[in-house]
Structure formats: C-alpha cells, structure tokens
Amino acid sequence: MMNLEALQEKQKRMAKLVVVPPSGKGYLPKDEDIIFSLDIQYVGEDAYVAVDIQSYAGRKWGVYAAQTKAGMEYIPRYFCFREGPPLAKTIRKVIELSTMQPSLLIVDGHGIAHPRKFGVASWLGVELAIPSIGVAKRTLLPYETSPALFRGSSSPISLDDERVGSVLRTQDYVKPVFVSTGHQISLENTEAIILKLSSKYRVSEPIRRADHIARVYAKGETDRRAIFLGTLEE
DNA sequence: GCGACAG
DNA sequence: ATCTTGTCGC
Ligand SMILES: [Mg+2]
C-alpha cells in the first residue's frame with residue numbers, strides 16, 4: 001500500500017494549479033480542434049489504454065492503443081494516481097507518433113467534482129498543460145436535485161457551497177452522467193461539449209470507441225479500426 | 001469506530 | 001475495473 005497522507009497533500013498542492021474559468025472564458029472549441037478521449041481496461045496491474053482521436057466537428061482520425069502499467073492500486077479519491085500516469089504516458093506517445101496535438105482531453109472519471117477538487121481529469125490536464133474534461137458514470141459527491149428527464153437537462157453538484165460539477169442527462173429518460181471541469185475549461189462549455197458528443201447513447205461516442213478498443217486489446221485481440229502500439233517501457 | 005467510495 | 005448467463009430490444 002502507499003502513504004495516503006502524502007498523496008493527499010500532493011493532491012492539495014496540485015489542485016492549486018488547476019484553472020477553472022468562469023462561464024464564457026477558458027477553452028472554446030473550434031471545428032478543426034483535436035479531441036483525445038481516453039479509457040483504460042485492466043488485467044491485474046496491466047493497463048490497456050485507448051486514445052480516440054476526432055475533431056470537434058466530428059471528423060474521426062482513428063484510435064490508438066498501448067499497454068502499460070497502472071500507477072498504483074485503486075483507492076477511491078486517489079484514482080488519479082492509478083489512471084493518470086498510464087494515460088499521460090500513452091498520450092505523449094500518441095502525440096509523438098501521430099503528429100496530432102490535442103486541444104482537449106476527455107477523461108472517464110471526475111475533474112474537480114472531487115472531495116479535494118482533484119480528480120483524474122484535473123491531474124491529467126495539469127500534468128500535460130492541456131484543457132480537460134471529466135465525465136463519470138457515478139458521482140463521488142452528494143447532490144440535492146436531479147435534472148429533468150430530458151436530454152440536455154442538468155443540475156448542480158456543489159462542494160462547500162461552491163459549484164464544482166453538473167449532473168447531466170445526455171438521453172431522454174436515461175440515467176445521467178456526472179461532468180466537471182478538469183482544467184482550463186468552464187463547466188458551461190464542458191456540459192455543452194459532452195452533450196454534443198453524446199448524440200446516441202448515455203456515454204459519449206468517442207469514450208465508447210476508446211472503451212471498446214481498450215477492451216478488445218485487453219483480451220489479446222485486435223481491430224482494424226485501431227493502431228496498436230504494443231508495450232510502453234520505462 | 002463503521003461504512004461508503006470515480007475506474 | 002473484473003467476475004459471469006441469461007435476457008430484452010433494436
Ligand atoms: Mg474507464
């Protein structure tokens with residue numbers, strides 16, 4: 001196991017570096033901007049990472065996948081230290097090999113909707129100095145009101161009276177997802193982007209593609225729609 | 001002290 | 001996240 005008190009201090013320290021713009025400010029997507037959407041599947045401590053690449057307008061550039069190691073064991077609230085390192089390592093490699101520079105990262109987990117305002121999306125955004133969004137399927141913080149039952153409805157998630165995220169309904173009558181700023185993007189734009197990308201299902205299309213490829217790779221299989229990079233060393 | 005707790 | 005069989009629905 002690890003020293004959780006030290007990791008907690010690291011989160012508090014790094015959380016001060018997170019940039020949370022007010023509505024109307026921060027990163028604003030343009031049609032040709034590149035979005036990296038990430039997911040990981042695990043086999044023990046082996047992490048099978050997938051990076052979906054598409055433009056904001058929807059042009060698909062493909063999916064890359066690589067195998068590396070989890071940062072540490074999974075402990076709720078310390079998830080950034082498990083999934084952050086393998087994501088960062090894979091993203092650096094994909095940028096190098098693809099020549100594509102992401103303007104935005106979409107992460108399967110929370111941003112600042114976290115007890116110390118430092119979820120994995122924030123960790124990754126700060127680490128790479130790239131705007132990031134956190135989208136989770138379950139919340140870590142309690143919330144008062146549920147959003148209306150229609151696609152696009154949202155309600156607040158707060159921490160000590162500070163707005164840190166939203167419960168967002170991405171499909172009519174379907175369970176909502178939980179979105180928050182990761183780094184350098186407003187909650188308003190975060191909601192708009194996730195809603196736009198979740199046109200068919202509860203989970204956004206690019207995250208679904210990343211999830212699928214990571215799953216295929218973890219099973220030792222392959223898929224012609226993706227580029228498999230093998231094991232990342234160091 | 002006990003249970004909950006993103007993926 | 002993973003473990004697992006069937007089942008419902010497009
Ligand atoms: Mg995931």
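In what follows, chains are A, B, ... by sequence order, proteins preceding strands, each numbered from 1. Keep in mind it's a predicted model, so treat the numbers as computed, not measured.
Using modelled atom types, one finds a donor on one side chain and an acceptor on the other under 3.5 Å when comparing A:D33 with A:Y27. No hydrogens or angles considered: a donor-acceptor pair under 3.5 Å links the side chains of A:Y78 and A:Q8. No side-chain donor-acceptor contact under 3.5 Å links A:S55 and A:E32. Counted by atom type alone, A:Q54 and A:R209 present one or more donor-acceptor pairs between their side chains at under 3.5 Å.
Look at A:R92 and A:E127 and you find a salt bridge, because one of the NZ, NE, NH1 or NH2 atoms lies within 4.0 Å of a carboxylate O, short of that distance. With salt bridges taken as basic N to acidic carboxylate O contacts below 4.0 Å, one links A:E45 and A:R82. Ion pairing between a basic and an acidic side chain is recognised when a charged N comes within 4.0 Å of a carboxylate O; A:D108 and A:K137 show such pairing.
One can place CD of A:E73 at 17 Å from C1' of C:dT2, the figure rounded to the nearest angstrom. Here C:dT2 presents its C1' atom at 13 Å from NZ of A:K219, a figure rounded to the nearest Å.
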With Watson-Crick and G-U wobble geometry limited to distances under 3.5 Å, how should the secondary structure of DNA chain B be encoded in dot-bracket form, using | for bases paired to another strand and [ ] for crossing pairs?
.......
For nucleotides 5-10 of chain C, 5' to 3', base contacts (B), sugar-phosphate-only contacts (S) and non-contacts (-) with protein non-hydrogen atoms under 4.0 Å give ------
List the protein contact pattern of nucleotides 1-7 of chain B with one symbol per nucleotide (5' to 3'): B for base contact, S for sugar-phosphate-only contact, - for none; contact means a heavy-atom distance under 4.0 Å.
----BBB
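When side chains are defined from C-beta on, A:L7 counts as touching A:M72, because their heavy atoms get closer than 4.5 Å.
For A:F150 and A:Y173, the distance between ring centers is under 6.0 angstrom.
Under the 3.5 Å distance criterion, the side-chain polar atoms of A:R202 are matched with a main-chain donor or acceptor of A:K175.
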